[in-house]
Amino acid sequence: MCGIVAYVGSRQAQPILIEGLKRLEYRGYDSAGMAVLNGDVRVVRAVGRVSVLEERLSGAGGLAGTLGIAHTRWATHGGVSEANAHPHMDDRHGIALIHNGIIENYSALRTWLEEKGHAFKSETDTEVLTMLIGELYDPDNGVDLERAVQAALREVTGAYALAAICKNEPGVLVAARKGSPLMVGVGASEYIVASDPSAIVAHTTQAITLEDYQVCRLTPESFRTSTIDNVPVTPRIHELELELAQIELGDFPHYMLKEIFEQPASLRQTMRGRLDQREGRVVLGGVGQYARELVKARRFILTAQGTALHAAMIGEYMIEELAKAPTEVEYASEFRYRNPIIEDGTVVVAVSQSGETADTLAALHEAKDRGALALGVVNVVGSSIARETDAGVYLRVGPEIGVASTKAFTGQVAVLALLSLFLGRRRFMSHEQCSHFIAELERIPDSIQRVLQESDHIKEVVSRYCDRENWLFLGRGYNYPVALEGALKLKEISYIHAEGMPAAEMKHGPIALINDGMPCVFIANRGSQYDKVMSNIQEVRSRGGHVIAVATEGDKEILKHAEDVFYVPDVPEALSPLVTVVPLQLLAYHAAVIRGHDVDKPRNLAKSVTVE
């Protein structure tokens, strides 16, 4: 949700911190700030993007020093203002802090600290945590910065990833986490703390992923890891799987467009080594040891938020059709709070790109506490969901920088297809059935490549409609969730009001919205409900709506009923979302560009929602 980067070593901190902030800006971009220790702690903050902070630093003559912390913010507590931007300082000891997450008991702590005489300058929970650390800091009695952070974290409830420095302890950086991602890049006599490996990979490929309730004290010469109760911990240094080239734009103007066009390659990577057409089977090493439990499962619950929820809805159809297993989809944010029934034989599948989505993580904990077998479908290796599930399947689509998810969505749908085949082959599918479906799945990347060739045509069509402020997206069966996803994409980056719904639902109320010239996007590919969709198109046309259809190649009939058509290759109905969603991704992208919006950093949104 926000971006953290901190440095301690022998090099000047400011250039490293600025570079890290730029790589993390997709995680939060309301405001940014930096603090560097060089005799005293100097802080520079600015509202807006990292480029504004750069200008402010330049005007201030820069910040010299080899120890520093920096942050990009996505506002939670308090509005977007310089006073609310990070880093925050305590009012007594020169302690500076950056923080991701939410301190849930900050109000009570603030009242207590005000009674102690502390004066607050912001509305944030982070400043409360900073003041609390300062209140507990007492080096004369052995409570140095590390011990003060440990003591403060024993008093707070909520989620946090943080980094702190103190003017009285030059060369010391303290970091900690619970429920919000944080890692330490290990270099030669230097360390880089970050909330995302993208801020680390340019400097080192060795990293430590902090676990919940862990605190790390870092100096250029050494590091010490402990719990918040000061129990020593031996961390594991691992190799980052991220490569620098993967997070560079290359020849593309935006990350979102790059990631849309990466989908053929990313899906091949998702499927590589997992499909055996000759044997008619799917190999999923991540869940292999639980194959018997999965085959005997009586019910599957898929839980997710946002785009991942739409992928999960497609997964529901797939598992029920291909594996004949009862399946339902739950908003993760609702699942935890409605006293869900988890019976013996229930499998809960958490779907998330980042593996850090707070609502999904909370739903996962609830399911595990009630005895469910927990699986994860995530992209980020070593993420919280990946670590806390019993087993799972990685997407392997590579890093996704654009806030509006594209290749992760198709990766999630592909993995859920693999899981459905994995189950179906063991439950009732024949060798021939599974082998045929695998062959069709292997064709999907080439089919997407053909759709991408229509980008210029889609742009031309969108240019005629993007001034309209109300759109409908309609689909049936497997493509109802695609309609939801198309509407979400348009809302996220174009700021156009869009509704997605089952095509049959339109006439039960929403049809009242249709007026002359209203763009109505129908996913009308050939399938079991094609004729029904055509009837729904007539209902829209008779009321003056303009139909934009996503249709199967070779379908000439659709030209009689739609003002504009985006063609996709003919693929099995269960796999059609993987191709029908691509024109809608491109539609949203081109609309946003034409309307002059920042595609990769849409307002009010952040890539990974790590607070409930």
Side-chain angles (χ1 to χ4, degrees), residues 1-7 13-36 42-63 68-88 96 98-100 122-124 126 161 163 192-202 247-250 252-259 354 399-405 492-495 589 592-611:
M1 180 161 291
C2 303
I4 281 176
V5 59
Y7 175 82
Q14 180 179 314
I16 297 168
L17 297 177
I18 285 292
E19 176 194 55
L21 288 183
K22 288 179 178 179
R23 298 198 186 280
L24 293 176
E25 194 168 17
Y26 73 101
R27 297 180 66 92
Y29 36 86
D30 291 338
S31 58
M34 181 184 300
V36 175
R42 292 183 61 199
V43 177
V44 176
R45 301 181 294 184
V47 172
R49 304 293 168 82
V50 174
S51 59
V52 180
L53 176 64
E54 272 192 293
E55 294 173 4
R56 187 72 62 85
L57 285 164
S58 178
L63 298 179
I69 57 178
H71 189 267
T72 58
R73 181 173 186 249
W74 188 83
T76 53
H77 290 74
V80 179
S81 67
E82 190 172 315
N84 289 333
H86 299 210
H88 288 284
I98 53 178
H99 161 240
N100 291 351
S122 80
E123 307 165 84
T124 68
T126 301
I192 302 172
V193 175
S195 51
D196 189 297
S198 60
I200 294 173
V201 70
I247 56 175
E248 299 291 349
L249 262 177
F252 289 91
H254 300 99
Y255 280 106
M256 182 179 179
L257 188 63
K258 175 177 182 277
E259 288 156 7
S354 67
E400 189 176 66
I401 306 299
V403 168
S405 181
E492 283 180 317
I493 61 172
S494 301
Y495 317 146
Y589 170 79
V593 172
I594 293 168
R595 288 166 68 98
H597 299 314
D598 191 335
V599 175
D600 289 331
K601 303 180 184 69
R603 69 188 182 203
N604 304 332
L605 297 180
K607 183 62 179 172
S608 177
V609 184
T610 57
V611 296

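What you see is a predicted model; the values in this text were computed from it and never measured. One is the number of the first residue; the rest follow in order along the sequence.
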If you round to the nearest 0.5 Å, how far is [atom2] of [Y] from [atom1] of [X]?
| X | Y | atom1 | atom2 | result |
| --- | --- | --- | --- | --- |
| E25 | S198 | CD | OG | 11.5 Å |
| H99 | R73 | NE2 | CZ | 11.0 Å |
| I18 | L63 | CD1 | CG | 9.0 Å |
| L17 | I192 | CG | CD1 | 8.5 Å |
| H88 | I98 | NE2 | CD1 | 11.0 Å |
| H86 | S31 | NE2 | OG | 7.0 Å |

Hey, is the main chain of [Y] close enough, under 3.5 Å, to the side chain of [X] for a donor-acceptor pair?
| X | Y | answer |
| --- | --- | --- |
| R42 | G62 | yes |
| D30 | V80 | no |
| E259 | G402 | yes |
| Y495 | R603 | yes |
| T72 | G3 | yes |

For S51, side chain to side chain donor-acceptor pair (under 3.5 Å) partners two or more places apart: none

Indicate the atoms forming the closest heavy-atom contact of [X] with [Y], along with that distance.
| X | Y | value |
| --- | --- | --- |
| D600 | V403 | O-CG2, 3.2 Å |
| N84 | S122 | OD1-CB, 3.3 Å |
| S81 | V47 | C-CG2, 3.5 Å |
| V43 | A35 | CG2-CB, 3.8 Å |
| A163 | I69 | O-CD1, 3.9 Å |
| A592 | I493 | CB-O, 3.3 Å |

Contact check, side chains of I401 and K258, non-hydrogen atoms, under 4.5 Å: no

Side-chain heavy-atom pair L24, H71 within 4.5 angstrom cut-off: no

Salt bridge (charged side-chain N to carboxylate O under 4.0 Å, His left out) partners of R56, counting only residues at least two apart: E82

Parallel, tilted or perpendicular, as decided by the 30° and 60° cut-offs, for the rings of Y589 and H254: perpendicular

Derivation and outcome, side chain to side chain contact (heavy atoms under 4.5 Å, CB included), residues E54 and L21: CA-CA 10 Å; E54 272 192 293; L21 288 183; over 6 Å; no

